[in-house]
Amino acid sequence: MNTRSNGGYVGRFAPSPTGPLHAGSLVAAVASYLDARAHHGTWLIRIEDIDEGRSVPGAAEEILDLLHRLGMDSDREVVWQSRRKHVYEAAYDRLAGHVYPCGCNRREIADSRLGVAPDGAAIYPGTCRHGLAPGRSPRSLRLRVPEAGDDVITFQDRLAGVVTQRLASESGDFVLKRADGYWAYQLAVVVDDAEQGVTDVVRGADLLDSTPRQIFLQRLLNVPTPRYLHVPVVRNENGEKLSKQTGALAVRPGDEAGAVAALRQAAGFLGLEVGEVKSLAEFWRAAVPAWAALHCD
Ligand code: GLU
């Protein structure tokens, strides 16, 4: 595969190994891979196994094996978040002054009825912002977002266009270290994208609403903000996002024809015209320019 670098493009696919890849996560993998290849860039795989409670043993290896069989290999060594806790700890230390211990549990936050953030998390009412109430012990560590008025984050998504979020009312102060002791996805993803020099994030639109929080963290940590392209999520016949919880089937092609069929399905969902391709090599030869025609200047 072509790994010539043009303009220093670095992209990545960052699966959480909570199960095997399904048709939805494959779409995100294919989109990020095609964007990197269309830009003659570097493509990385990062295993987001920071939430060890949700990680399924063997799932990461199965994902890596499938990607390899589909022709998608990381251009650099695969990074595993579970091995990088010291790096998240060091980043967290740089945020001193912006974080505070929080003693609230989920029920208390939900009971405050401030509503839910677009990703479904209850918006934090700020109870512990100015100190833990007497008798409470810290559970999580939370990042303070600016007051309303100074809290607007705007960015240009390559597909969705201009996206604006008011952090104070639409997200609230968010968790960086969870009550179970794990570093939160929002911190780990920002630290890793920066350290790996990621210039372009291509991922599912279910993460569009997390992006303003990540941009806010990038600014606090003084690291660059990548370009973003959020591709539509695949839904089942009930309109639910494909996921392990909604019973999505694993992609497990038996042979090259099956691999091509899985890739053609992902490409079709992404609106790419690849024609009658019979081998993996033919698929990628057709899909890269098809992607470039839609998404590259
Ligand atoms: N690990 C996340 C997931 O599997 C993706 C994170 C990202 O692409 O930023 O949903």
Side-chain angles (χ1 to χ4, degrees), residues 10-36 42-56 59-64 66-67 72 74 78-84 88 91 117-121 155 157-160 163 165 171 174 176 178 182-218 221 223-235 240-246 248 250-251 266 270:
V10 181
R12 77 336 183 249
F13 174 54
S16 303
T18 52
L21 284 196
H22 49 71
S25 35
L26 181 61
V27 161
V30 168
S32 69
Y33 185 80
L34 286 174
D35 199 50
T42 299
W43 185 73
L44 309 176
I45 301 174
R46 181 170 73 230
I47 299 295
E48 297 210 323
D49 57 347
I50 190 72
D51 182 343
E52 291 171 66
R54 284 185 64 226
S55 296
V56 172
E61 289 76 7
E62 190 181 337
I63 290 171
L64 291 170
L66 174 67
L67 292 172
M72 293 184 274
S74 183
V78 173
V79 162
W80 298 68
Q81 287 190 329
S82 57
R83 301 175 191 166
R84 292 172 47 75
Y88 309 131
D119 63 4
F155 71 99
D157 184 81
R158 287 171 54 200
L159 206 57
V163 177
Q165 194 181 91
S171 149
F174 56 96
L176 295 188
R178 301 166 12 160
Y182 293 124
W183 294 105
Y185 156 70
Q186 306 291 359
L187 178 68
V189 75
V190 165
V191 169
D192 289 341
D193 282 341
E195 201 178 285
Q196 295 187 282
V198 170
T199 60
D200 286 79
V201 171
V202 178
R203 61 186 177 189
D206 52 321
L207 292 165
L208 191 63
D209 297 317
S210 284
T211 307
R213 270 171 282 174
Q214 293 171 17
I215 293 175
F216 177 59
L217 263 174
Q218 288 155 4
L221 289 167
V223 297
T225 291
R227 283 181 295 264
Y228 289 98
L229 191 166
H230 289 87
V231 294
V233 296
V234 183
R235 297 186 182 279
E240 300 159 325
K241 173 182 166 276
L242 291 197
S243 70
K244 193 171 134 185
Q245 289 72 27
T246 59
V251 177
L270 290 165

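If you're wondering where the values come from, they're calculated on a predicted model, not measured in any experiment. Each ligand, and each atom within it, is numbered from 1 in the order the structure gives.
- Within the structure, salt bridge (charged side-chain N to carboxylate O under 4.0 Å, His left out) pairs that include any residue of residues 10-30 comprise Arg12-Asp193 (at least two apart or interchain).
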- Test side-chain contact (heavy atoms from CB on, under 4.5 Å) applied to Leu44 and Val79, step by step: CA-CA 8 Å; Leu44 309 176; Val79 162; over 6 Å; no

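- Every atom of ligand 1 is numbered from 1 in the order shown, and the set under 4.0 Å from a heavy atom of Arg203 is 7 (C), 8 (O), 9 (O).
- Among protein heavy atoms, atom 5 (C) of ligand 1 sits closest to Ala14 O, 3.3 Å.
- Within the structure, ligand 1 has Tyr185 among the residues with a heavy atom less than 4.0 angstrom away.
- Using modelled atom types, one side-chain atom of Asp49 and one backbone atom of Gln81 make a donor-acceptor pair closer than 3.5 Å.
- Lys241 contributes no side-chain N or O that, together with a main-chain N or O of Val233, makes up a donor-acceptor pair within less than 3.5 Å.
- Taking any N or O of Val189, backbone or side chain, none lies under 3.5 Å from an N or O belonging to ligand 1.
- Scanning the protein for heavy atoms near atom 6 (C) of ligand 1, the closest one is Glu48 OE1, 3.2 Å.
- Counting heavy atoms under 4.0 Å from ligand 1, residue Leu207 touches it through the side chain alone.
- Looking at residues two or more places apart in sequence or on another chain, you find a side chain to side chain contact (heavy atoms under 4.5 Å, CB included) between Arg178 and Asp51, Val175, Asp180, Tyr182, Ala184.
- Heavy-atom contacts of Arg12 reach the following atoms of ligand 1: 7 (C), 8 (O), 9 (O) (cutoff under 4.0 Å).
- Scanning the protein for heavy atoms near atom 3 (C) of ligand 1, the closest one is Ser16 OG, 3.5 Å.
- Around CZ of Arg54, the count of heavy atoms belonging to other residues, nucleotides or ligands within 6.0 Å does not exceed 12.
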